[in-house]
Amino acid sequence: MEAKARVVDALDIETFLICKNEEEGRRISAGLMKSMGCSDFDLVFIHHEGIGARVRIRAYVNRPGDRYTWLEGGDGDD
Amino acid sequence: MTEKRVLLSPLDPVHDIGLKMIKNALDEAGHTTFLLPPDVTPGEIVEEALDRKAEVILLSRTLGYGVAELLGRFVDLVEGAGIRHKVRLGIGGMAIKPEIAAELGFDQGFGPKTPVEEAVAFVEGRNYVPPKGGKKKEKRNLVGDRTYAYHHQGIRTLLEKISEKTLEWFDGVESPGIRRAELREAGLAGEKDYLTISDASIKDYFSQGILPSGLRLISPEERKGLQDMISAGRVENPRILQRNPRHPLVFIQYGTGCPFMDIAHIKGTEAWGADGVVHFDPSWGAKTEGLLAGLLSHEENGSVLTEENLELIKKALEPSTLWQVRAHRGLNTPETVLLAGEAGADLTKINPVYGSLGGGTDPERLLADAIKAMQYAARYAMPFDMPTNEELCGVPAYKAFAGMLIVTHLGLEMGAKPVLQPLFCYSPEMMLGGQMEDNYIDYNAAKVMALRRIIDAPIWAGAPIGFLTHTEERVQSAVSTSFHAGMAASLDIEGISIASADEAYSGGPITLPARIDTLQGTGEAFRFLGSSRMQPTSRAEEWAEELMTNIHGVLKEVAENGSFLDSLYQGILGSQKEGAYPGRNGRRTVQEIK
């Protein structure tokens, strides 16, 4: 089972992005998540202050009601 | 055991507390120890080891910078001195990763949180076996030794009067909700008579197998996968958050929509210290006459109430976990309590005042159903709490409390054990009135003080604590919960429901790690306080007195009106101006018994 399949529900990425304003922070966040291969993502929190924005970006791997990847069985963490 | 000569030395300028603790344990075990002061060079340590004929050298390192170079140099010096074959080397501390220590030539590396006993075992050349067990978590009774004795006789007299009239009315009425519960009791749920008084969506499912939108049946393969996960992941030693017997039980609320995801969240939170879990059903369930059946998953918030879903969840719970199935606000209230009792729930939730003024159900319908539900709660020995969430609509706390106390007395008359649930929240009343401009403690403390002076009943603050103080920012949210939990611990209340650290985020489902964030915060609050308390200011006392006076006034008005039910429609327990609107679901479905 691939490592991402073990994520129970979502991946939160918390970081500080260097950006001019919140709008740019949103665009960078979206680009970051797409570059990581995440399509189902959202910005939980963003606050711009000074040189950039504190962000909490979330990518859902398993939403309630899905067929959960972690129930599919298999060992390993490749 | 052979006595060893042990040299202990911190490789930091100041931090040596870990080594001091190990030294004490080694001295007690009969070894000879030499603890060097901080800030000694590696060369000096090797010289001391030669002089003192050390057989074991234990080093500690807290600071992370340059650690690999420093430790590598130390091992080289030991080898250069020609004593490596005679001396065993151990290194521990915050900056140490055991695998790196081994790579650098140490016999053992000890990471953060290593028990002292493990270091002693290393010195004595034996394998460390962690102790089994520890304090076993037991299921606690939320009601405890509360007696339900009234301390305010004026309020007691009014409640007796109001209850008497309400129960007289209840004896002469019935509803589809009551009837369906009776049919379920007789084993006829889903049969013809049951479906006659159910909504079309329920009839379609039972007669044609058509599920409402967003629902699906869970496959046998999925169920097998879940059972494997649960068997492999039993929580051997659930964490105990409380540091003092008077610290409250901690509940989390689940209702992701899917019982499987719920179970994943339950198992995760049990391990991290949740004492209880609360089942949240979908909001549409409250507006639907009748319940579905089968193992069902739902794509939106709220987990569907079916016998099979509840049975599955019950089987996954640890023996120490309290389980509440809420039933307070919809058209299936008596049947839900019956279902919960049959499934082995420990607690339920019933409050016709909130359910009809803030939850959308018609007051007449919900009052009749709620009283029947209380009878079931008594039969299954399930205490029920009464959320006063109408406060979130804008109803002042004293009005919400007056309603809660009427329900409390009705519950006692039915032989049940009601649990008071004041909100620890930054409610619209507070925002407009400014009572929380300075702090969040005083008014919440006043609520508990007032209730305690009226009746000796259990209090479970909710739901969740800190409602409307949380933001989408994780740390702020967890810290707010943590402080509210500390306040609850200071007020000697029996239980709290906590939010997750993403409760304020409305864009998607709550996540398990965000639940763990606030359990961690709550545990830290209990650790921080221990047997001490947060201290409210004198304003709390003034507000407690004001609340009691106002509660008494509202109850007097209800008693003078002569009808609790009419008082709900008339706005005595929360008016439209304040934000309370009598619900319309189930209106005109209550009938007089002929």
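Since this is a predicted model, take the numbers as computed values, not measurements. Each chain gets a letter, A, B and so on, in the order the sequences are listed, and its residues count up from 1.
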Residues at least two apart in sequence or cross-chain that pass side-chain contact (heavy atoms from CB on, under 4.5 Å) with A:Phe41, listed by chain then number, are A:Ala30, A:Met33, A:Lys34, A:Ala59
Interface moiety of B:Ile510 toward chain A, non-hydrogen atoms closer than 4.5 Å = backbone
Leading residue by heavy atom contact count with chain A [cutoff under 4.5 Å; candidates B:Gly508, B:Pro259, B:Gly507, B:Ala264] = B:Gly508
A:Ile46 portion near chain B, given a 4.5 angstrom heavy-atom threshold = neither
Top contributor to chain A interface from B:Cys258, B:Pro513, B:Pro509 [non-hydrogen pairs under 4.5 Å] = B:Pro509
Could you show, one pair per line, the donor-acceptor contacts under 3.5 Å between chain A and chain B?
unit_1	atom_1	unit_2	atom_2	d
A:Asp9	OD2	B:His265	NE2	3.0
A:Asp9	OD2	B:Leu512	N	2.8
A:Glu14	OE2	B:Arg474	NE	2.6
A:Asp42	OD2	B:Tyr505	OH	2.5
A:Arg56	NH1	B:Glu472	O	2.9
A:Arg56	NH1	B:Ala501	O	2.9
A:Arg56	NH2	B:Ala501	O	3.4
A:Arg58	NH1	B:Asp502	OD2	2.9
A:Arg58	NH1	B:Pro509	O	3.4
A:Arg58	NH2	B:Asp502	OD2	2.9
A:Arg58	NH2	B:Thr511	OG1	3.4
A:Tyr60	OH	B:Pro509	O	2.5
A:Gly65	O	B:Arg216	NE	3.2
A:Gly65	O	B:Arg216	NH2	3.1
A:Asp66	O	B:Arg216	NH2	3.2
A:Arg67	NH1	B:Glu222	OE1	3.2

